[in-house]
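What follows is one structure encoded as structure tokens, with my remarks underneath.
First listed ligand is number 1; within each ligand, the first listed atom is number 1.
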Amino acid sequence: MTFNDLGLSEKVLDAVQQAGFEKPTPIQEQAIPVALQGRDVLGIAQTGTGKTGAFVLPMLTQLEKGRARARMPRTLIIEPTRELAAQVADAFTSLGQNHKLTMALLIGGVSFEDQDRKLGRGVDVLIATPGRLLDHFERGKLLMNGVEILVIDEADRMLDMGFIPDVERICKLLPPRRQTLFFSATMPSEIQRLVNSFLKDPVRIEVARPSSTAANVRQALVKASSEAKAKRETLRGLIRGAVELKNAIVFCNRKRDVAVVHRSLARHGFNAGALHGDMDQHARMATLDSFRNGEITLLVASDVAARGLDIPEVSHIFNFDVPTHAEDYVHRIGRTGRAGRSGTAWTLVTPAESKYVRAIQSLIGNDLPWEGAGGELAEEAPRGGRGRGRAKDAPHSKGRDRGGKAAPAKEDRRDSAPQTRKAQLKEPEAAAATDMSGDIRPEIAAASEFERPAPRAQSRHPKQRGNEKSGADTVFGESEYVPAFLLRPTRASSK
Ligand code: AMP
């Protein structure tokens with residue numbers, strides 16, 4: 001099937017060609033014709049599947065008829081994070097290059113006045129995070145009764161971030177006679193309930209099994225010491241030994257470790273940057289741009305900071321920690337192997353982290369192979385997955401001999417990878433200059449053991465929305481919601 005078969009307008013088809021998209025992705029192939037008929041869509045798809053195009057392209061075609069009125073947006077797209085909202089705005093700009101449509105982006109960190117001015121002139125497309133949207137509405141700056149198409153994107157992320165009450169409120173403010181395009185990577189019961197309440201006879205389109213990882217990503221587990229220094233050494237060995245490493249994201253569970261790992265990599269001469277939730281919008285965007293354009297080869301990041309980012313062509317993922325929430329593993333791995341490219345994902349596993357590996361394996365329905373064969377990891381290895389051989393480009397570990405006999409872990413890890421180093425490395429002094437760990441406020445780093453935001457299904461207290469309103473001052477930039485326990489004053493850890 002080609003884009004010409006989907007019913008898109010000439011202007012849109014021309015922009016698709018300009019964008020270099022040769023053929024529709026499965027979600028686009030299935031969702032676009034349905035959306036053009038005006039039907040509600042329930043799209044179960046992860047980032048990286050082309051789902052943004054699946055709603056942007058039909059919307060552009062539909063918006064060719066009619067025009068915007070002051071303060072009455074014609075279409076509304078709700079996104080869980082500022083970055084995602086900004087990415088969708090970019091997609092509208094590039095794919096809407098043949099349209100004279102007006103667009104406003106209502107996200108924290110941008111002045112209310114500018115946003116208000118745009119709304120006043122009338123917008124065809126309004127892209128917003130839930131809190132900022134409701135703030136504008138409550139100030140009487142926005143009328144929602146002209147919305148013809150509503151897009152709810154990354155609904156399961158909204159759930160994670162405690163945004164569902166806001167989303168429900170927004171849905172109730174919209175005219176019932178509207179079209180709703182709803183996207184989520186997974187369908188937990190709370191999301192299904194939302195779908196039942198706010199979608200009318202939707203066409204369900206599922207392009208990949210929820211919680212599945214791409215088949216073109218080689219994944220493997222690597223035994224690591226629970227001693228932090230030795231674990232970092234193992235990481236360095238993996239990076240040095242990685243085959244065809246173009247760029248990589250190193251995921252840590254705690255933002256404190258993002259800073260530590262970043263500093264350590266820089267000290268050892270790696271060209272690394274860091275992305276964590278305490279960085280302001282500007283700093284995060286600057287780091288991301290450096291990573292996108294190749295100035296930075298390794299990006300050390302936490303889950304919240306990296307969520308939803310569209311970083312094409314990441315060749316490797318290194319999970320410095322096993323994610324404690326199995327779904328985060330799927331999201332992390334989703335950063336590589338995009339658009340059919342191959343990718344590699346390594347996960348360092350300390351004995352204490354085995355239980356999280358079990359949860360991941362049960363979620364993805366697969367055993368993850370351990371680096372190297374043999375049963376030495378038996379005590380620590382989770383069910384299955386043991387002795388299943390090495391991942392395709394696994395480094396040859398000197399940590400065990402050919403018979404699979406384990407050698408002392410810690411020291412050997414340093415040399416566990418061949419020295420055919422493909423990672424682009426800079427001189428230590430140059431790399432050290434990229435160290436941004438000074439951005440981390442120790443009291444917050446110490447307080448927020450894990451950066452994950454609200455637990456599932458947790459409603460936000462209305463007072464907590466104050467954090468979104470503060471715009472550029474927002475501390476926890478991406479997850480606009482800050483759980484109350486993170487706001488309590490604490491003493492910095494002496495470690
Ligand atoms: P998304 O899942 O919407 O975040 O898209 C992931 C990436 O795929 C983005 O970089 C898009 O520009 C790209 N993309 C979207 N649709 C297509 C397509 N039909 N062909 C090639 N790349 C695409």
Which ligand 1 atoms, with their elements, are less than 4.0 angstrom from a heavy-atom of [X]?
X     : result
Thr52 : 1 (P), 3 (O), 4 (O)
Phe21 : 12 (O), 14 (N), 15 (C), 16 (N), 17 (C), 18 (C), 19 (N), 20 (N), 21 (C), 22 (N), 23 (C)
Gly50 : 1 (P), 2 (O), 3 (O), 5 (O), 15 (C)
Thr25 : 17 (C), 18 (C), 19 (N)
Phe3  : 19 (N)
Thr49 : 2 (O)

ask   = Centres of the His99 and Phe92 rings: under 6.0 Å?
value = no
ask   = Does an N or O from Gly53, backbone or side chain, lie closer than 3.5 Å to an N or O of ligand 1?
value = no
Any N/O pair Glu22/ligand 1 closer than 3.5 Å = no
Basic-acidic side-chain contact under 4.0 Å: [X], [Y]:
X      : Y      : result
Lys255 : Asp321 : no
Arg74  : Glu148 : yes
Arg71  : Asp116 : yes

Distance-only side-chain donor-acceptor flag, Asp90 / Thr93, under 3.5 Å = no
query = Under 3.5 Å, is there a donor-acceptor pair linking the side chains of Gln179 and Gln62?
reply = yes
ask   = So which bit of Lys23 gets within less than 4.0 Å of ligand 1, heavy atoms only: side chain, backbone, both or neither?
value = backbone
task = Could you see which bit of Phe55 sits under 4.0 Å from ligand 1, with heavy atoms only: side chain, backbone, both or neither?
result = neither
query = Ignoring hydrogens and geometry, is there a side-chain-to-backbone donor-acceptor pair from Gln28 to Gly50 under 3.5 Å?
reply = yes
